[in-house]
Protein chains: 2
Amino acid sequence: MFLLLCRSSNIYSNKSSTMKWVHPVAVTMRAMRTLSTLATLNGRNRKILFKLVGIGLGATTLTSVVTAGSNNISNLPESLYDVSDFMTEPVTPKSTLTKNKDDMKVKMELFIMKIQADFCRALENEEDPNSKFLVDRWTRSEGGGGVTCVLQNGKTFEKAGVNVSVVHGHLPADAVRQMKARGKDLGGKDLPFFAAGISSVIHPTNPHIPTIHFNYRYFEVTQENGEKMWWFGGGTDLTPYYLVEEDVKHFHSTLKQACDVHDSSYYPKFKKWCDDYFMVTHRNERRGVGGIFFDDFDKLSQDNCFKFVRSCAESVVPSYLPLVKRHKNDSYTSSQRDWQLLRRGRYVEFNLVYDRGTKFGLYTPGARIESILMSLPVYAKWEYMHSPPEGTQEAKLTEVLKNPRDWL
Amino acid sequence: MFLLLCRSSNIYSNKSSTMKWVHPVAVTMRAMRTLSTLATLNGRNRKILFKLVGIGLGATTLTSVVTAGSNNISNLPESLYDVSDFMTEPVTPKSTLTKNKDDMKVKMELFIMKIQADFCRALENEEDPNSKFLVDRWTRSEGGGGVTCVLQNGKTFEKAGVNVSVVHGHLPADAVRQMKARGKDLGGKDLPFFAAGISSVIHPTNPHIPTIHFNYRYFEVTQENGEKMWWFGGGTDLTPYYLVEEDVKHFHSTLKQACDVHDSSYYPKFKKWCDDYFMVTHRNERRGVGGIFFDDFDKLSQDNCFKFVRSCAESVVPSYLPLVKRHKNDSYTSSQRDWQLLRRGRYVEFNLVYDRGTKFGLYTPGARIESILMSLPVYAKWEYMHSPPEGTQEAKLTEVLKNPRDWL
């Protein structure tokens, strides 16, 4: 946990698969991290730690380290996260994070920052070396802020957005309504709330690579009677333009494995929920071939709920990256590109008409619109009465969107 | 009114500015129309009429003519409409139209069929001769139907949609909610309703021609206590990509003239309503440079309300066509095209997130989605954090969208 206190820099952890230039100071810091990790895992040797950290960091930081180091954090595996691996500094000030390190708000923020970094780097590895994520760290005047990472017009990814937001304040009536629709009757309006989430949509250039979306979030709302409610929500879903059954099976089975570790009833339940949620009602078709989706997840202990969410979010890279690698160099025709754009039009329809996350964002005052709407593709197309001819690959996809299948 | 009874054919009225091939039978029919118009205007000579109509039409039609001809229709100027000028036959069966010719439902249907034809033909005149409107006549199993005219990928118009719908049945709760938001508390759900309207969006190819939208509609709802409510609504608004003040002034002054004939308070009131309605709240900008917009229009007699709506709808062609003619051959750059597509992205955002007409459609069971969403452009674009540099023409437009002006 106290590693949070290291400032964000161009240091990459040794988990990275590529060799990167490392600044001499970084080497010192990495050595410290290794040592301090050992120290905290043992819950001992605080004095050694102080000394080592003292070499690299200033006095203020040292004070914070003392605070952090004086607690037992062995039950917080996320303390192992290397904040210097994050795309930028976390949203919440370090002092607050340190003081509240056992709070789920903090655990979730650190976790989604790590997932953001891991996913962005995995995508960058599939890109032209010149295409890197633009990192925008923003604050919300009403409380909190976020980190939006966008890669646009890359060779592999036409638009890739990975957004972390950690916001708090009071929830307005319109946003409450969006929550109520999820089965949460909050009994009043303008309630104090906290929301931390990661949300991502990747629109690849090549029509043979599916679009992926995932979103994992943690909510707290203080009710009128002062009682605090919390819950998790999230999901990962795939939107192919052409149906490759092997890809869809790989995707679903990776998600299933992540679910099964926790409860074998989760995958079938959340797979169905996903098919139901990503429904473009006015077209009578799903947005894609589904995945998993859940909300109001609060039946286990808070830590066990969090563990499940972590498993799901950590399965994003292994579920999707093999598909990117497999298809990024596939050839395609202009009519296949056209079909991709038409399907992206449907994606826009879902996001703007139905998606509760988007609506929640649009109705939350001070929300950062560019971060919410980064889910929209660069280009989308609409053609009056377009319908793929029977027997084509395009019709084959449409059939699956109308009649979702069990893939495993 | 009984001219409705003539079957739709390839006959164009002598009001058309271009010479068209006319079938010999059509000549006979035109002669009959002229005569029969005279006859009905005089409210006499029914015998002569029978005879003439009898030459061209069958016995069933003849019977209907008798019914129609036996009423005084001198208070129905729309009886002068030549149904053979319509893009296709009206939605409602002729017998019903004839029987209920004094009913506002019938008057409105005939009027919007005529406006559709006039507007489509005016647009076709600006097109390559090979680009013609596709005419789709559709029925709604729950009651009613419509006529959708679309011209796609033309030389002047990338997408032009002009839709007439005449629907009835029971209004579901979700649709009632959309109406309630308009200040109509209908006090219940699943109420019998009737709606007739024309709706059109024109997305030109050239970024120097603005997009236009207009919509004029008539509603009837029977309340739980059996009382029937009726009202009109509508508006015309302009969405330029580049600001040409002269164009905007011409557009607004044409609308103002149409309003002023009825009440000089209408234009300022409905101009403001338009600016307020076409607000993309999450972007804090208007969709375009406005026009007029009104709803719940029911304070005058039904006929006087209708007269106002007719003036508005009839001002569409003179407000817009001069702009098309002026700019259709302007040269433009690829970056100007790009800006047009980005602005079309915003158009999509408004239509899918806020537009009540679209929502009303999406929530009405059996609604024809392709007719509702024909308002969406062929292509739209989204770019993360796009903002035109200060001092550019693009920034000048953005300024006006953020701060609506009085144009006259």
Side-chain angles (χ1 to χ4, degrees), chain A residues 133-134 136 138 148-153 158-163 174 177 201 203 280-285 338 341-342 344-355 358-359 361-387, chain B residues 133-134 136 138 148-153 158-163 174 177 201 203 280-285 338 341-342 344-355 358-359 361-387:
Chain A
F133 274 92
L134 176 84
D136 266 351
W138 48 274
T148 299
C149 301
V150 177
L151 191 158
Q152 215 165 236
N153 301 316
E158 193 168 5
K159 195 163 174 189
V162 191
N163 186 54
D174 279 340
R177 238 191 306 283
V201 176
H203 293 296
V280 184
T281 310
H282 61 267
R283 301 280 190 184
N284 194 29
E285 64 184 27
D338 230 42
L341 297 186
L342 288 165
R344 285 189 174 159
R346 303 291 173 98
Y347 209 90
V348 170
E349 288 177 30
F350 180 83
N351 282 23
L352 296 182
V353 177
Y354 300 103
D355 187 57
T358 306
K359 285 189 188 176
L362 296 181
Y363 292 129
T364 304
R368 190 170 185 264
I369 294 307
E370 289 289 346
S371 299
I372 297 164
L373 297 184
M374 89 192 168
S375 65
L376 302 178
V378 177
Y379 292 103
K381 187 174 183 181
W382 284 268
E383 241 178 52
Y384 177 70
M385 296 294 278
H386 183 279
S387 181
Chain B
F133 274 93
L134 174 85
D136 266 350
W138 48 274
T148 299
C149 301
V150 176
L151 190 157
Q152 215 164 238
N153 301 315
E158 193 169 5
K159 195 163 174 188
V162 191
N163 186 55
D174 279 339
R177 239 191 308 282
V201 176
H203 294 295
V280 185
T281 310
H282 62 267
R283 300 281 190 185
N284 194 29
E285 65 184 28
D338 229 42
L341 296 186
L342 286 165
R344 285 188 174 161
R346 303 291 173 98
Y347 208 91
V348 171
E349 288 178 31
F350 179 83
N351 281 25
L352 296 183
V353 178
Y354 300 105
D355 187 56
T358 306
K359 285 190 190 178
L362 296 183
Y363 292 129
T364 303
R368 190 171 186 264
I369 294 307
E370 288 289 345
S371 300
I372 296 163
L373 297 184
M374 87 189 171
S375 64
L376 302 179
V378 178
Y379 291 103
K381 187 174 181 179
W382 285 268
E383 241 178 53
Y384 177 69
M385 295 295 277
H386 184 278
S387 181

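So you know, we letter chains A, B, ... as the sequences are listed, proteins then strands, and number each from 1.
Residue contact with chain B, scored on non-hydrogen atoms closer than 4.5 Å, involves the side chain of A/Asp338 exclusively. When heavy atoms are compared at a cutoff of 4.5 Å, B/Gln152 approaches chain A solely by way of its side chain, counted from C-beta outward. With a 4.5 Å cut-off on non-hydrogen atoms, A/Leu373 touches chain B through its side chain but not through its backbone. Only the side chain of A/Leu341 comes within less than 4.5 Å of a heavy atom of chain B; its backbone N, CA, C and O stay farther away. Only the side chain of A/Val150 comes within less than 4.5 Å of a heavy atom of chain B; its backbone N, CA, C and O stay farther away. Contact of B/Leu342 with chain A is not made at all, since no heavy-atom distance falls under 4.5 Å.
Remark: side-chain polar atoms of B/Lys159 are paired, donor with acceptor, to backbone N or O of B/Leu376 under 3.5 angstrom.
When each of A/Met374, A/Met385, A/His386 is checked for heavy-atom pairs under 4.5 Å with chain B, A/Met385 comes out on top. For the set B/Leu134, B/Asp136, B/Thr281, the entry with the most heavy-atom pairs within less than 4.5 Å of chain A is B/Asp136. Between chain B and the residues A/Asn153, A/Ile372, A/Val348, the largest count of heavy-atom pairs under 4.5 Å involves A/Val348. Chosen from B/Ala380, B/Pro377, B/Ala367, the residue pairing most often with chain A at heavy-atom distances under 4.5 Å is B/Ala380. Contact count versus chain B (heavy atoms, under 4.5 Å) is highest, among A/Leu362, A/Leu352, A/Val353, for A/Leu352.
A salt bridge links B/Glu285 with B/Arg346; the closest basic N to acidic carboxylate O contact falls under 4.0 Å.
At least one side-chain heavy atom of A/Glu158 sits less than 4.5 Å from a side-chain heavy atom of A/Tyr379. Looking at heavy atoms from C-beta onward, B/Tyr384 lies out of side-chain contact with A/Leu151 at the 4.5 angstrom threshold.
Side-chain contact of B/Glu349 with B/Trp382: a donor-acceptor pair under 3.5 Å is present, judged by distance alone. Between A/Asn351 and A/Thr358, the side chains place no donor N or O within less than 3.5 Å of an acceptor N or O (distance only, hydrogens not considered).
Using a 30° and 60° split on the angle between ring planes, B/His282 and B/Tyr354 fall in the parallel class, below 30°.
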Quick one, B/Phe350 with B/Arg283, criterion side-chain contact (heavy atoms from CB on, under 4.5 Å). Give me CA distance, side-chain angles, the key distance, then yes/no.
CA-CA 10 Å; B/Phe350 179 83; B/Arg283 300 281 190 185; over 6 Å; no
